[in-house]
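One structure below.
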Amino acid sequence: HGFTASGMYGFDDSSTQPGRVVSADVVYSQGPLRASMVYSSWRNHAIPLVSGLGLGSFLGQPLTGGQTFVARTQDIFGLSALYKATSELDLHGILTQVNLSTQTQSARMRTAELGADYHVTVANTVTLGGYLSWLSGTRYAELGVGDVYALSKRTVVYAQVTCQHADGVGNAAMPLLAPSDSPNQTAFRIGVHHFF
C-alpha cells in the first residue's frame, strides 16, 4: 500500500568511528505524494564541525584549529514530504530535530525547510527554497534561488544564489564556506554535477 521500511545497526570501529549507530525509516509513496520519517541514533560520534556554526566553541569543545567535535550522543528525528502539485511544480518540506550531548552539556537544533521546483522544460528546473534553524541561542535563516539544466541524463549544470542571516550569539555560517565574521553571508555558486 505504498509503505516501505528499513533499519540499520552499525557496530563501533575504533579505527574509523568509535560509536555505534542505529537508524530506521518509514517511507510512503503513492500517487503525487512521497513522505518519510527517519530516526538515527549515534554514540561517541566524531563530527567535523570545525567552525561551521559560526562559533569558536560548542558545548565546551573548541571548534578552531581543525579540531573535531565529539558528541557522546547524537539523536536525529526527521520528517519530509514531496508533493507533485502539477507536472511542472514540485513542493517539498523537511522538519528535523538533532539532539547533541557531551559529557557535561547538551543542545538541540531544530530546522524547518520549505521549497519549490518549477520544471520550465524537461531539461530546465528553477528552484526556490529556504530554511530556519535554531541552535544554542542562534537562529539561522537562509533563502536561495537557482537554476538547474540537464545536459544529459548524467550531467547537469547549475547556478544558485543563497543568502543567510543569523540572529543571536553566532555569525552566519553557510555549509562548505568559511563562516562569516558578521550576521550575514551571501554565496553565488555555479557548477557541474556528473553522475557515474
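Since we're looking at a predicted model, the values are computed, not measured.
Side chain to side chain, His119 and Asp117 fail the donor-acceptor criterion of an N or O pair below 3.5 Å. Asp75 and Ser41 share a side-chain donor-acceptor pair at under 3.5 Å.
Panel note: side chain Ser101, backbone Gln105; no donor-acceptor pair is recorded below 3.5 Å. The main-chain N or O of Val145 is never found under 3.5 Å from a side-chain atom of Thr127 such that the two would form a donor-acceptor pair. Side-chain atoms of Arg110 never come within 3.5 Å of backbone atoms of Trp134 as a donor-acceptor pair (strictly under, hydrogens ignored). For Gln160 (side chain) and Asp147 (main-chain N/O), no donor-acceptor pair under 3.5 Å exists by modelled atom type. When atom types are taken as modelled, the side chain of Ser57 and the backbone of Gly60 share no donor-acceptor pair closer than 3.5 angstrom. Formation of a donor-acceptor pair under 3.5 Å by the Ser152 side chain with backbone atoms of Thr155 is found in this model.
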Exercise for review: Mind running side chain to side chain contact (heavy atoms under 4.5 Å, CB included) on Arg154 and His194 for me, showing each step along the way?
Suggested key: CA-CA 6 Å; Arg154 294 172 42 186; His194 182 74; 3.3 Å; yes

Point to revise | Verdict with reasoning, Met8 to Val21, per side chain to side chain contact (heavy atoms under 4.5 Å, CB included) | key: CA-CA 8 Å; Met8 178 187 78; Val21 59; 3.9 Å; yes

Point to revise | Trace of the side chain to side chain contact (heavy atoms under 4.5 Å, CB included) decision for Thr162 with Thr186 | key: CA-CA 6 Å; Thr162 309; Thr186 301; over 6 Å; no

Practice item. Applying side chain to side chain contact (heavy atoms under 4.5 Å, CB included), run through Ser80 and Ile94 and close with a yes or a no. Key: CA-CA 4 Å; Ser80 69; Ile94 300 173; 3.9 Å; yes

Review point. Taking it one step at a time, do Tyr131 and Glu142 satisfy side-chain hydrogen bond (donor to acceptor under 3.5 Å, both in side chains)?
Key: CA-CA 5 Å; Tyr131 71 81; Glu142 187 167 304; 3.2 Å; yes

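Atom CG of Leu135 is separated from atom CZ of Arg108 by 10.5 Å, given to the nearest 0.5 angstrom. Separation of atoms CZ (Phe77) and OG1 (Thr96) is listed at 11.5 Å; rounding is to 0.5 Å. A distance of 9.0 Å separates OG of Ser180 from CD of Gln164, quoted to the nearest 0.5 Å. Atom-to-atom distance recorded for Leu132:CG and Asp167:CG is 10.0 Å, nearest 0.5 angstrom. Residue Thr102 holds its OG1 atom at 13.0 Å from CD of Gln74, rounded to the nearest 0.5 Å. To the nearest 0.5 angstrom, Phe69 atom CZ is 5.0 Å from Gln61 atom CD.
By the 30° and 60° cut-offs, the orientation of the rings of Tyr28 relative to Phe3 is tilted.
Contact between Ser182 and Asn171 at its shortest, heavy atoms only, is O-CB, 3.3 Å. A pairwise comparison of heavy atoms in Pro175 and Arg189 identifies O-NH2, 3.2 Å as the closest pair. Of all heavy-atom pairs between Phe195 and Val156, the closest is CE1-CG2, 4.5 Å. The two residues Leu100 and Phe58 come nearest to each other via the heavy atoms CD1-CE2, 3.7 Å. For the residue pair Ala166 and Ala172, the shortest heavy atom distance occurs at CB-N, 3.6 Å. The two residues Thr138 and Gly170 make their nearest non-hydrogen contact at OG1-N, 2.8 Å.
Hydrophobic clustering, with ILVMFWY side chains joined whenever heavy atoms are under 4.5 angstrom apart, groups Val98 together with Tyr140. When hydrophobic clusters are built by joining Ile, Leu, Val, Met, Phe, Trp and Tyr residues whose side-chain heavy atoms come closer than 4.5 Å, directly or via intermediates, Leu128 is not grouped with Leu89. Note on Leu91 and Leu82: separate hydrophobic clusters, where clusters join Ile, Leu, Val, Met, Phe, Trp and Tyr whose side-chain heavy atoms are under 4.5 Å apart, directly or indirectly. Val148 is not connected to Val192 by any chain of hydrophobic side-chain contacts under 4.5 Å among Ile, Leu, Val, Met, Phe, Trp and Tyr, and they are in different clusters. Phe11 and Trp42 are members of different hydrophobic clusters when ILVMFWY side chains are connected at heavy-atom separations under 4.5 Å.
Applying side-chain contact (heavy atoms from CB on, under 4.5 Å) to Met37 and the options Asp25, Val27, Leu95, Leu79 leaves one that passes, Leu79.
The 12-atom threshold is exceeded at OH of Tyr9, counting heavy atoms of other residues, nucleotides or ligands nearer than 6.0 Å. The environment of CZ in Arg34 is sparse: at most 12 heavy-atom neighbours from other residues, nucleotides or ligands sit within 6.0 Å. Around the OH atom of Tyr149, the shell of radius 6.0 Å holds no more than 12 heavy atoms that belong to other residues, nucleotides or ligands.
Two residues are said to be in side-chain contact when any heavy atoms from C-beta on lie closer than 4.5 Å; Thr125 and Val120 fail this criterion. Counting heavy atoms from C-beta outward, Gln97 and Ile76 have side chains that stay 4.5 Å or more apart.
Not less than 6.0 angstrom separates the ring centroid of His92 from the ring centroid of Tyr83.
Checked for salt-bridge contact, Arg20 and Asp12 miss the test: no charged N lies under 4.0 Å from a carboxylate O.
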